[in-house]
Amino acid sequence: MSKYHKTHREKLKKPSNFSAQHLLISKRLIHDMIDLARIRSTDTVLDIGAGTGALTFPLAEKAARVLAIEADPAFVDKLLGKMKDSSNILVKQSDFLEIPLPRNPFAVVANIPYSITTPIMGKLLECPGLPLQRAVLLVEMGAAKRFTAVPIQDPRILSWRMQYDIRLVRTVSPRHFAPPPQVDSAILTIHRRKKPLIAASHQPKFTALAAYGLRDARLPLFAALSGVFTPPQMAKLVKVLRVDRELPVGRLNEEQWGTVFHTMLQHVPANRWPKLRKGAGSKSKKRKRL
């Protein structure tokens, strides 16, 4: 068990430390996030880090079902005390990283815990078979910039973006929270692509190619991929991409990476395809579902 999970489980048994929580207090921002999510009356929505229900209860007015996930027992008590006749809300006291996710299509609208932003994103986005349709998240600004960076130089994030469109919508100042954090936040939107740039069944192969090609994002394209494409194949690839062979591989966009991948599948023998390191694809294995 990881150090994080041990610590987090211990916290479930202790009284909450409200001063460590940055609760969303802006009704206007809550309204804007729900509008961005385009919640329908048939939707199942997850509120990760539900706190005292600032998003949970407005979501319940629009969605068929809201799953409010909160680790802090004091906040869980507050949520349960406010529920009254909200029969479409299910409150779950749990570590989000350990719970099963819905089997059927779902959305997420949440002010997520900033300390575990990347693990949360990984759980939501690394398994293409997971039926996540869209998400509107409040995240720390630095994280939002990493997830939406252009050009893309992180192979993990690149892999997510082949399946999902991830956008930084706007900056959110600390005054929208109580107590206010020391940094700006951002609204991040995530939408499943109607036409993914690679098939879900090819995700492990693409992840291996991305990790190999972006081991050093500063390398020229021909050097970064020389172990995969032969010189003649590389000459044809750069013509298809309409780029110079000296272009830093980290400058390729999602569509260009899709072209690189499909060219590899069509013209490169499988024994030259990059391989995932043992255990590297474990997070993409089939997860337990609700």
Side-chain angles (χ1 to χ4, degrees), residues 2 96-106 108 116-135 143 146-166 190-217 219 221 223-230 233-234 237 240-241 249-290:
S2 70
F96 172 74
L97 300 179
E98 296 182 355
I99 68 167
L101 294 176
R103 294 177 180 273
N104 297 317
F106 68 94
V108 178
I116 53 169
T117 295
T118 299
I120 288 172
M121 291 285 285
K123 179 163 183 172
L124 291 173
L125 304 181
E126 280 179 359
C127 180
L130 190 73
L132 171 67
Q133 302 303 303
R134 60 198 180 281
R146 289 198 307 275
F147 300 143
T148 58
V150 177
I152 313 165
Q153 300 188 356
D154 184 318
R156 188 181 187 192
I157 294 171
L158 172 61
S159 185
W160 299 345
R161 285 165 61 172
M162 303 304 284
Q163 303 290 334
Y164 294 92
D165 180 33
I166 307 176
I190 301 169
H191 290 87
R192 180 180 288 275
R193 293 182 184 273
K194 291 182 179 179
K195 293 184 178 180
L197 298 174
I198 58 167
S201 59
H202 286 156
Q203 189 81 358
K205 294 184 182 72
F206 179 82
T207 300
L209 174 65
Y212 178 84
L214 287 172
R215 64 194 183 279
D216 184 346
L219 285 174
L221 181 61
L225 298 177
S226 62
V228 179
F229 295 91
T230 64
Q233 290 170 338
M234 179 58 66
L237 177 62
V240 172
L241 292 172
V249 68
R251 297 280 299 277
L252 296 178
N253 61 32
E254 297 101 315
E255 289 76 14
Q256 289 170 322
W257 271 108
T259 298
V260 172
F261 179 72
H262 289 109
T263 300
M264 182 188 79
L265 292 185
Q266 293 172 11
H267 300 294
V268 176
N271 66 333
R272 291 179 64 89
W273 297 356
K275 303 295 189 295
L276 275 176
R277 295 189 309 276
K278 188 175 182 180
S282 61
K283 293 181 181 179
S284 295
K285 290 180 180 179
K286 185 177 180 181
R287 299 183 185 275
K288 292 166 62 179
R289 306 283 179 81
L290 287 176

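Being a predicted model, the structure only gives us computed values, none of them experimental.
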Residues in ring pair (Phe, Tyr, Trp, His ring centres under 6.0 Å) with Tyr212, at least two apart? none
side-chain contact (heavy atoms from CB on, under 4.5 Å) involving Thr263 - partner list, sequence neighbours excluded: Phe229, Leu237, Thr259, His267
Can you list everything that forms a ring pair (Phe, Tyr, Trp, His ring centres under 6.0 Å) with Tyr164? Sequence neighbours excluded, please. none
Under the side chain to side chain donor-acceptor pair (under 3.5 Å) test, residues paired with Asp154 that sit two or more places apart: none
Go through the structure and list residues passing side-chain contact (heavy atoms from CB on, under 4.5 Å) with Arg161, not counting sequence neighbours. Val150, Ile152, Ile157, Ile166, Glu254
Once salt bridge (Lys or Arg N to Asp or Glu O under 4.0 Å) is applied, what residue pairs with a partner in residues 255-275 remain, sequence neighbours excluded? none
Could I get the full list of side chain to side chain donor-acceptor pair (under 3.5 Å) partners for Gln133, not counting sequence neighbours? none
Kindly write out the residues that satisfy salt bridge (charged side-chain N to carboxylate O under 4.0 Å, His left out) with Arg134, not counting sequence neighbours, or none if the list is empty. Asp43
Quick one: side-chain contact (heavy atoms from CB on, under 4.5 Å) partners of Ala143, sequence neighbours excluded? Thr117, Glu140, Arg146, Phe147
Taking side-chain contact (heavy atoms from CB on, under 4.5 Å) as the test, write out the residues that go with Pro196, two or more places apart. Gln163
Considering residues at least two apart in sequence or located in another chain, which fulfil the side chain to side chain donor-acceptor pair (under 3.5 Å) criterion with Asp216? Arg218
Output all residues satisfying side chain to side chain donor-acceptor pair (under 3.5 Å) with Thr118, sequence neighbours left out; order by chain, then residue number. none
